[in-house]
There are 2 protein chains.
Amino acid sequence: MTLPVPADAPDPDDVGLRERKKRARRALLVDTAQRLVADHGLDAVTVELIGAEAGVSTRTFFNYFESKDDAVLGVEDSGIDPAVAQAFSAGGPSGLLLTDLQVLVAALLQRFAANRERTVRALRLMEAEPRLLQRHLVWMDRHKSELHALFDGRRPVAPFSADNELLTMLVLTLVRTAITAWERSGYHGDVDAHLSEAVAQLIHVVASDIAPSGVGPSDATSAERFHA
Amino acid sequence: MTLPVPADAPDPDDVGLRERKKRARRALLVDTAQRLVADHGLDAVTVELIGAEAGVSTRTFFNYFESKDDAVLGVEDSGIDPAVAQAFSAGGPSGLLLTDLQVLVAALLQRFAANRERTVRALRLMEAEPRLLQRHLVWMDRHKSELHALFDGRRPVAPFSADNELLTMLVLTLVRTAITAWERSGYHGDVDAHLSEAVAQLIHVVASDIAPSGVGPSDATSAERFHA
DNA sequence: ATGGAAAAATTCATCGAATGCAAGATTGAT
DNA sequence: ATCAATCTTGCATTCGATGAATTTTTCCAT
């Protein structure tokens, strides 16, 4: 008996005509939506209009996106890079929780900004249309269980006391801070640069409370709070 | 010339019939909405139904709330306690940023859980209806400018380097972590107890990265990272 | 290539949230 | 009692979103 290929091989790089058309259409819809919204504002642009402009029925639009806002943001449901996820769950790569969280977030941002132009356009629209910002948080919510699984995987290997919820929010904090900083820089360079800055700021906020007056490393307050 | 009372005295405790009715109706709508949603689920309950059950027209419902979800959560647009806000802006009360943030969040939670029963019901519904969770984040968004103003006020008095965005997200992190922990405890005791725990966890996450091997307060790594 | 299975697009109907407007009712001050 | 301000309501409408049934397109085996 020859090894049968699993009935539904989920080949990610399926380059059948079907898949190609689907991707092209999706991209077209995102571009169309972004252009229209940039010109006329989020509320003035109806799904019907986007569809018409892209030569697609309204109903089909909703086969591609869960909502109008999703289309405008061009949400791609890319999970976390499996390699990075694996490393994190195994207690790596550095063994230091915050440091490894940073790596995780870097991987997230990597995928998030996969298509730089589209991402920048989406972020610009987010500045103008605060309602879209909220979708950004929803996006995090979708990955919540994925993140929780990672935290639960790592806990036995490299124990830590923080709740999943706190770590998830911390991830979100880093993502948003990095992105905001990137925005402010006029989208110069890479997002990652701003991520390090975000982590540094976080450390600084906490550290300045632990060791206040710049007293230095031997301040007892640190130990007190740390081991309290 | 006698001192004329300002035309529109914004008496917060206006006990005219009008104001009393308004509050009663609002409360009734929230209670009705929560009861119905608890029984039949968020999507099965229409605004029309809530209105009918409360003896109020659909149109009036939307005079009280911006959305169905707002009614279910019973959102009260209570800002931050002015006294606490003032203290924070002035660089207090402790002068330590994180500590003072905790005070700020405590004040927020205080108002958030002003009506304990209603709040608990809202949180229970949030557990069952993830969509409501997102409103929770929108709520934060509404207060964002308020928070940013506080940060900007404090900055010159007691300088710090963190971005407004990061601090805002940190506030949100503490709020959510505290509330989640409160939920897990079966809503025992006060929310504030869990807030301290949330802060402790945050410190621990960062501190364990700064001073890894549990070496203690005199570890040089702390200073290195801190002053880098 | 060709016929048939699978997938995707379209049409059509429908629901419900949300808003604007104008007319009617209630409350508050004089 | 009166008049203005405020609140409620009914009505019409727009638009986002979903479900079901039908037609079109792509794919694959022969």
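Just so you know, these numbers come straight off a predicted model, no measurement behind them. Residue numbers begin at 1 in each chain, while the letters A, B, ... track the order of the sequences.
Note: CG (A:N63) to C1' (D:dT25) measures 14 Å, nearest angstrom. For the pair A:R23 CZ and C:dA7 C1', the interatomic distance rounds to 16 Å; values are reported in whole Å. A:R20 has its CZ atom 17 Å from the P atom of D:dT25, to the nearest Å. Taking atom CG on B:L132 and atom C1' on C:dA17, their separation rounds to 15 Å, with Å as the unit. Between the CZ atom of B:R18 and the C1' atom of D:dC7 there is a distance of 7 Å, given to the nearest Å. Rounded to whole angstrom, the span from the NZ atom of A:K22 across to the C1' atom of D:dT25 amounts to 14 Å. Computed from coordinates, the A:E19 CD to D:dC28 P distance equals 12 Å when rounded to whole Å. Atom P of nucleotide D:dT14 and atom CG of A:L49 are separated by 15 Å, given to the nearest angstrom.
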Using a cutoff of under 3.5 Å, can you pull out all pairs of nitrogen or oxygen atoms linking the protein to nucleotides 16-19 of chain D, with atom names and distances?
unit_1, atom_1, unit_2, atom_2, d
D:dG16, OP1, A:K68, NZ, 3.0
D:dG16, OP2, A:V47, N, 3.2
D:dA17, OP2, A:K68, N, 2.9
D:dG19, N7, A:R59, NE, 3.2
D:dG19, N7, A:R59, NH2, 2.9
D:dG19, O6, A:R59, NE, 2.8

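Checking the phosphate oxygens (OP1, OP2) of C:dA8, no side-chain nitrogen or oxygen of A:K21 falls inside 4.0 Å. Phosphate proximity of D:dT8 to B:R25: present, with a side-chain N or O under 4.0 Å from OP1 or OP2. The shortest distance between the side-chain N/O atoms of B:Y64 and the OP1/OP2 oxygens of D:dT8 is below 4.0 Å.
Checking D:dT25, D:dT9, C:dT10 against every side-chain atom of B:T60, the shortest atom distance belongs to D:dT9.
Taking the side chain as every heavy atom from C-beta outward, A:D69 and A:V75 never approach each other to under 4.5 Å. Looking at A:D31 and A:R118, their side chains come closer than 4.5 Å, going by heavy atoms from C-beta outward. Put simply, the side chain of A:V120 reaches to within 4.5 Å of the side chain of A:R116, judged on heavy atoms.
Between B:E76 and B:R111 no salt bridge is recorded (no basic side-chain N to carboxylate O distance below 4.0 Å).
Dense packing is recorded around CD of B:E127, with more than 12 heavy atoms of other residues, nucleotides or ligands lying under 6.0 Å away.
In this structure, A:Q134 CD and A:E129 CD are separated by 12.5 Å, a value rounded to the nearest 0.5 Å.
The closest side-chain donor-acceptor pair between B:T177 and B:T180, if any, does not fall under 3.5 angstrom.
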